[in-house]
**Student:** 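Handing you this structure, nothing more for now.
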Amino acid sequence: MEEILALTEARLRTALGEPDARAAVTFLGTDRYEVLRFRDTEGGSDVVRYATLGMSGRPMTDPSAILADAERGPRAELVLSVRAGTADTDQVLRPLAVLAASPQVEGVIVAPGSSLDVGAPLWPGAPFSSVLVGEPGGLVADLELDAPMEPVRFLPLLPMTPNEAAWKRVRGARELEERWLTHGTDLRDPLRRSVALD
């Protein structure tokens, strides 16, 4: 597990640079989860990225399985990108750790297209309490592991307003993503309003 996490952190550093902060959270009866903060100031875009580290140490397993396989199963870490300076987004560290722990605590398999809800604003004043899990491979490339282990995938998190989350439950992730694209929604804006859904 430690070797996998070391490789995962190295992949994050290769893709995002050196983290300028990190925080660790341990929940009762679970492994330790860290959240690393990376700042991207190239090209004049002040974007801060938060990446979990710890979720990929164990594969996600079907909660209905009688025995958990220690090697087989999807592995992932979560990445959230937001614009810096307009909200106290550093308060997202604990909610991200909660989401990273959900496979181990609740038996949830986190996959593209799924919704995750923390039940409270992601940070103070945030209009979001849930996220849509995006497709991997864009910002951080998958980390291949020795067979039979599956690669570690780095899943982007797209914050959703309550209206967007409700609309997604009815219409599906693809339609919500198309709606965002059609309206030119800035998904990195930590204070953005809900996209038009009529």
Side-chain angles (χ1 to χ4, degrees), residues 12 16 21 23 25 27 33-41 43-55 60 74 76-103 105-140 153-198:
L12 285 167
L16 305 177
V25 179
F27 302 101
Y33 296 90
E34 289 189 271
V35 179
L36 283 59
R37 185 181 70 189
F38 302 85
R39 289 201 179 273
D40 179 7
T41 55
S45 67
D46 193 10
V47 174
V48 61
R49 304 186 197 283
Y50 302 94
T52 63
L53 182 64
M55 185 177 170
M60 294 180 274
E77 295 292 353
L78 309 175
V79 181
L80 173 70
S81 301
V82 292
R83 298 204 182 285
T86 59
D88 186 12
T89 56
D90 282 350
Q91 298 299 315
V92 78
L93 300 179
R94 185 170 179 81
L96 279 182
V98 168
L99 295 179
S102 61
V105 174
E106 301 172 23
V108 173
I109 295 181
V110 179
S114 60
S115 302
L116 303 173
D117 196 316
V118 296
L122 292 175
W123 52 82
F128 324 104
S129 62
S130 62
V131 293
L132 174 65
V133 181
E135 293 289 337
L139 190 61
V140 185
R153 293 189 165 85
F154 299 88
L155 303 173
L157 300 181
L158 310 172
M160 294 187 292
T161 66
N163 285 346
E164 291 169 342
W167 202 79
K168 182 261 175 187
R169 281 193 294 273
V170 175
R171 305 290 289 270
R174 185 174 300 278
E175 287 204 31
L176 178 57
E177 289 174 320
E178 287 176 2
R179 184 60 60 109
W180 282 336
L181 188 60
T182 300
H183 289 269
T185 306
D186 181 3
L187 296 175
R188 295 176 180 171
D189 180 353
L191 299 173
R192 72 171 179 85
R193 296 178 184 273
S194 181
V195 70
L197 298 171
D198 47 14

**Student:** Glu77 versus Val140: any side-chain heavy-atom pair under 4.5 Å?
**Tutor:**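 No. Closest side-chain heavy atoms not under 4.5 Å.
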**Student:** Atom OG1 in Thr52, atom CG in Leu80: separation rounded to 0.5 Å?
**Tutor:**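 Result: 10.5 Å between the selected atoms.
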**Student:** List the steps, then state whether side chain to side chain contact (heavy atoms under 4.5 Å, CB included) holds for Leu157 with Leu96.
**Tutor:** CA-CA 10 Å; Leu157 300 181; Leu96 279 182; 3.5 Å; yes
**Student:** Starting from the C-alpha separation in whole Å, work towards a yes-or-no answer on side chain to side chain contact (heavy atoms under 4.5 Å, CB included) for Asp40 and Leu16.
**Tutor:** CA-CA 8 Å; Asp40 179 7; Leu16 305 177; over 6 Å; no
**Student:** To the closest 0.5 Å, what do you measure between CG (Asp88) and CH2 (Trp123)?
**Tutor:**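 Reported value, rounded in 0.5 Å steps: 10.5 Å.
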**Student:** Check the pair Arg192, Asp186 against salt bridge (charged side-chain N to carboxylate O under 4.0 Å, His left out), reporting the backbone distance first and the verdict last.
**Tutor:** CA-CA 8 Å; Arg192 72 171 179 85; Asp186 181 3; over 6 Å; no
**Student:** In Å and rounded to the nearest 0.5 Å, what is the CZ to OG distance from Arg188 to Ser81?
**Tutor:**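 If I round to the nearest 0.5 Å, the distance is 5.5 Å.
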**Student:** Is any side-chain heavy atom of Asp90 closer than 4.5 Å to one of Tyr50?
**Tutor:**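 Yes, at least one pair of side-chain atoms sits under 4.5 Å.
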**Student:** Between Pro127 and Pro190, which heavy-atom pair has the shortest distance, and what is it?
**Tutor:**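 Heavy-atom minimum between the residues: CD-O, 3.5 Å.
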**Student:** Tell me, with the steps shown, if Trp167 and Met160 meet side chain to side chain contact (heavy atoms under 4.5 Å, CB included).
**Tutor:** CA-CA 10 Å; Trp167 202 79; Met160 294 187 292; over 6 Å; no
**Student:** Could you check if a side-chain atom of Pro103 sits within less than 4.5 angstrom of a side-chain atom of Met55, using non-hydrogen atoms only?
**Tutor:**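 When only atoms from C-beta onward are counted, Met55 and Pro103 do touch, with a gap below 4.5 Å.
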**Student:** How far does CZ of Arg179 sit from CG of Leu197, to the nearest 0.5 angstrom?
**Tutor:**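 One finds 6.0 Å between CZ of Arg179 and CG of Leu197.
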**Student:** Measure across Ser129 and Ala120 and return the closest heavy-atom pair with its distance rounded to 0.1 Å.
**Tutor:**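 Taking Ser129 first and Ala120 second, the nearest heavy atoms are CB-O, 3.1 Å.
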**Student:** Checking Trp180 now: which residues fulfil side-chain hydrogen bond (donor to acceptor under 3.5 Å, both in side chains) with it, not counting sequence neighbours?
**Tutor:**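 Counting only residues at least two positions away or on another chain, Trp180 forms a side-chain hydrogen bond (donor to acceptor under 3.5 Å, both in side chains) with Glu164.
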**Student:** Work out which heavy atom in Ser130 is nearest to a heavy atom in Ala165; give both atom names and the distance.
**Tutor:**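 Where Ser130 meets Ala165 most closely, the heavy atoms are OG-CB, 3.6 Å.
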**Student:** How long is the gap from CG on Leu191 to OG1 on Thr86, to the nearest 0.5 Å?
**Tutor:**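 Leu191 CG to Thr86 OG1: 4.5 Å, rounded to 0.5 Å.
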**Student:** Can you name the one residue among Val133, Val79, Val131 that meets side-chain contact (heavy atoms from CB on, under 4.5 Å) with Leu155?
**Tutor:**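 Running side-chain contact (heavy atoms from CB on, under 4.5 Å) over Val133, Val79, Val131 with Leu155 returns exactly one hit, Val133.
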**Student:** With no hydrogens and no angle check, is any side-chain donor or acceptor of Arg83 less than 3.5 Å from a backbone partner on Asp46?
**Tutor:**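 Looks like no, no N/O pair under 3.5 Å.
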**Student:** Using every non-hydrogen atom in the two residues, find where Ala97 and Val35 come nearest and quote the distance to one decimal.
**Tutor:**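 Smallest interatomic distance, heavy atoms only, reads N-CG2, 4.1 Å.
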**Student:** So which atom in Phe128 and which in Thr161 form the shortest heavy-atom distance, rounded to 0.1 Å?
**Tutor:**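 Residues Phe128 and Thr161, closest heavy atoms: CD2-N, 3.7 Å.
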**Student:** Looking at CZ of Arg193 and OG1 of Thr185, how far apart are the two atoms once the value is rounded to the nearest 0.5 Å?
**Tutor:**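 Between Arg193 CZ and Thr185 OG1, I get 13.5 Å after rounding to 0.5 Å.
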**Student:** Look at the side chain of Lys168 and the backbone N and O of Gly113, then say whether any donor-acceptor pair between them is shorter than 3.5 Å.
**Tutor:**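 Yes, the answer is positive, given that a donor and an acceptor are paired below the 3.5 Å cut-off.
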**Student:** Side chain to side chain contact (heavy atoms under 4.5 Å, CB included) between Phe154 and Leu12: does it pass, once the steps are laid out?
**Tutor:** CA-CA 9 Å; Phe154 299 88; Leu12 285 167; 3.8 Å; yes
